[in-house]
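Read the structure below first, then the notes.
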Amino acid sequence: MSTSTRATRRTVLQALMAGGLSAGLSAWPPTAARAADSGGGWASFADRVRAEFTAMGLVGAAVAVVSSDRVLLTLPLGVRDLGTCVPVSPSARFLVASTTKSMTSLLVATYVDQHRLAWDQPVADAWPGFRAPTDELTHTLRVRDLLGMATGIDEPPALSGLHEGDPTAPQLLQSLVNLPVKAPPDTTFIYNNTVYSAGGYLPLLHSGVSDDDLTGRFANEMRRRVYGPSGMTGARIADDPRGLVVDFMRGYGPDLTGANRTLAYGPVGSYAPAGGTLASLDDMAAYVRMQLRRGVSVNGHRVVSARNLAECWKPHIPVPVSPELDPDATSSGYAMGWIHNRYRDGTSLIWHNGGIDGFTSFIGFLPQHDLGLVVLNAMNPAPTGPFFYLYVLNLLLSERFGLNRGVPAKIHAQYLAALEGLRLLGRQTRPADPAATAPYLGFYEAGYRLTRDGHHLNLHLGPRTMPLGLLPDGTYVMTGGLLVENKVRLTRDPDGTPRIEVVGFETVRRTVGLS
């Protein structure tokens, strides 16, 4: 599985990559040899996962291994909150971020089942108000294209990486026409949360729901068509669980000392179709079992047809695979809300992961072997969060199938290197000079605010606080928060207006200073 070990949230969400669909997916139940029935029980696997959780110094996580007919392993780990030290339970809710994409494609598939939409139907036919960046794309993009990451349309890195909570649904839809086109359709994998969110709203737009009612109606439709029927009784659309549920996780991220710090809940807002689900381990285990059961829930309810569910699994655009961390993968492709790997022995892994402030998630299943995996982790994606699910996944692949042998040890070593990289940067960082930064304090475009609290310089964006330290070269670095390690520059426009450059994301000008 390829993912950058020094990734920002954008690269984590953009490159959580691999794919490849096996031929001849049989009707449930599968007839292939079941990993669930081979190799003994799961106690040894659980012991190694538990040991790695401890070795990584994580706060709270949860792991499940499932088959179509039962839960093989439920493994809650750590605590919900370092302040209360309440143990994680299978019902504790995590923000599961971009794993929501597969649920959104399932929602669309239920409309296709009812012949209210068709996968190859032009989007403009389903919703006459659709406007893409070019006239050709406006008229040729199909329903499946909005969910497939191969439109050739890109998005500015800060748009869905930092400003998910800003636009309303109508504003999100209107922004499509101004997105940059980087490649012809069906030629390049480009991860795009804005286009995907539009695809999630498409069934409602086709049904005549007004733009202003989209977010509420989308949440209702997910509950009515996806969560409830799939057995995800505790799941809902939310970006902050406080006041909604009692049993929920706090998210954490490392600072430049390697210590875990509580992070604010990241806003999702109108980007809910691309990553807005709040769910528990029990919920996600039921969801993966429904996939293994070819659209039939654990309660026997037909959620979606096997045909249209399988359509969501079919890869159509190649995505990169790491030769080091996925050496036995032979092909890889993005499907609709799923990524699909095929391995040298013919095994297919259908999966997706996700990351948002303080949380990293993974779901995947191997249809030929009737085996599924869920890994939920209350740890920020940048720069260490993905290593835990990568370890657990590759431990399963290597122990049960002899695939990617030696990769778990490599992942552990890369985790340690990433943590040491934080500490090394921290040793180079010193507090920002109050006199040098005072002229830059104030309010900036796009909702940023730069403040000082005693010796601490902080960059704020919505609920996020990103503390800044000074590097020897005169640039600043985020010492904690969502984008820990990310560089920041304080400069001035030619007219003298202070500006902040969040390197790799955006540059904003000050609008109001602090007196």
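Side chain of D283 to backbone of G234: a donor-acceptor contact under 3.5 angstrom is found. Using a distance-only test at 3.5 Å, with no hydrogens or angles considered, no donor-acceptor pair links the side chain of T384 to the main chain of N380. When atom types are taken as modelled, the side chain of T479 and the backbone of L256 share no donor-acceptor pair closer than 3.5 angstrom. Looking at S230, its side chain never comes within 3.5 Å of a backbone N or O of M232 through a donor-acceptor pair. Remark: side-chain polar atoms of R489 are not paired, donor with acceptor, to backbone N or O of T507 under 3.5 angstrom. A donor-acceptor pair is defined here as one N or O able to donate and one able to accept, closer than 3.5 Å; no such pair exists between the side chain of Y201 and the backbone of P170. Under the 3.5 Å distance criterion, the side-chain polar atoms of R80 are left unmatched by any main-chain donor or acceptor of M249. Between the side chain of R223 and the main chain of V226, no donor-acceptor pair closer than 3.5 Å is present. Using modelled atom types, one side-chain atom of N192 and one backbone atom of I153 make a donor-acceptor pair closer than 3.5 Å. Side-chain atoms of R93 do not come within 3.5 Å of backbone N or O of R236 as any donor-acceptor pair.
Cation-pi geometry between R48 and Y391 is not met: the NZ or CZ atom fails to fall both under 6.0 Å from the ring centre and inside 45° of the normal.
Here the CG-OG1 distance, from L58 to T360, works out to 9.5 Å after rounding to the nearest 0.5 Å. Distance CG/L468 to OG1/T437: 9.5 Å, rounded to 0.5 Å. Rounded to the nearest 0.5 Å, atoms OH (Y444) and CZ (R449) are 12.5 Å apart. Atom CG of L396 sits about 6.0 Å away from atom CG of L373, to the nearest 0.5 Å. Considering CG of L470 and CG of D433, their distance stands at 8.0 Å, rounded to 0.5 Å. Rounded to the nearest 0.5 Å, atoms CE (M56) and CG (N260) are 12.5 Å apart.
Counting only heavy atoms from C-beta outward, the side chains of Y196 and S105 approach each other to under 4.5 Å. When side chains are defined from C-beta on, L214 counts as touching L173, because their heavy atoms get closer than 4.5 Å. Using a 4.5 Å cut-off on side-chain heavy atoms (C-beta onward), L425 and L471 make contact. Put simply, the side chain of K101 reaches to within 4.5 Å of the side chain of N193, judged on heavy atoms. The closest side-chain heavy-atom distance from Y476 to L457 is below 4.5 Å. Under the 4.5 Å side-chain criterion, counting only non-hydrogen atoms from C-beta, D453 is not in contact with T451. Considering only heavy atoms from C-beta on, W42 stays 4.5 Å or farther from V49 through its side chain. Side-chain atoms of L106 and M290, non-hydrogen and from C-beta on, do get closer than 4.5 Å to each other.
Closest approach of P241 and L278 over heavy atoms only: CB-CD2, 3.7 Å. Of all heavy-atom pairs spanning V484 and P383, the tightest one is CG1-CD, 3.7 Å. Closest of all the heavy-atom pairs between V96 and T100 is CG2-OG1, 4.1 Å. Across all non-hydrogen atoms, the minimal contact from A198 to L176 is CB-CD1, 3.8 Å. Nearest heavy atom pair, residue A279 against residue M284, reads CB-SD, 3.9 Å. Of all heavy-atom pairs between V321 and A329, the closest is CG1-CB, 3.8 Å.
There is no side-chain donor-acceptor pair under 3.5 Å between E52 and Y415. Residues T497 and R510 have side chains that never bring a donor and an acceptor to within less than 3.5 angstrom of each other. E155 and S160 form a side-chain donor-acceptor contact under 3.5 Å, judged by distance and modelled atom types alone. Using a 3.5 Å distance cut-off with no hydrogens or angles, the side chains of S102 and Y287 do pair a donor with an acceptor. In the model, Y334 has a side-chain atom that pairs as donor or acceptor with a side-chain atom of H352 under 3.5 Å. Side chains of Y191 and S98: a donor-acceptor N/O pair is present below 3.5 angstrom, by distance only. Using modelled atom types and a 3.5 Å distance limit, the side chains of N404 and D326 yield a donor-acceptor pair. Residues S89 and D247 have side chains that bring a donor and an acceptor to within less than 3.5 angstrom of each other. Between the side chains of Y252 and N377, no donor-acceptor pair of N or O atoms lies under 3.5 Å. When only modelled atom types and interatomic distance are considered, D473 and T475 share a side-chain donor-acceptor pair under 3.5 Å.
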Decide yes or no on side chain to side chain contact (heavy atoms under 4.5 Å, CB included) for F401 and L366, but give the supporting numbers first.
CA-CA 11 Å; F401 308 107; L366 302 101; 4.1 Å; yes
Checking T277 against Y227 for the side-chain hydrogen bond (donor to acceptor under 3.5 Å, both in side chains) test, could you report, in this order, the C-alpha distance in whole Å, the side-chain angles of both residues, the deciding distance, and whether it holds?
CA-CA 10 Å; T277 297; Y227 301 151; 2.7 Å; yes
Go through the steps for T194 and Y271 under the test side-chain hydrogen bond (donor to acceptor under 3.5 Å, both in side chains), then give the verdict.
CA-CA 7 Å; T194 306; Y271 279 86; 2.8 Å; yes
Let me see the working for N486 and F505 under side chain to side chain contact (heavy atoms under 4.5 Å, CB included), right down to the final yes or no.
CA-CA 10 Å; N486 209 85; F505 287 87; 3.6 Å; yes
Could you walk me through whether E506 and L159 pass the side chain to side chain contact (heavy atoms under 4.5 Å, CB included) check?
CA-CA 9 Å; E506 62 185 337; L159 181 60; over 6 Å; no
So I190 and V195, side chain to side chain contact (heavy atoms under 4.5 Å, CB included) or not? Walk me through it.
CA-CA 10 Å; I190 301 176; V195 170; over 6 Å; no
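Ring geometry for F365 against W338 counts as perpendicular: the plane angle is over 60°, on a 0 to 90° scale with 30° as the lower cut.
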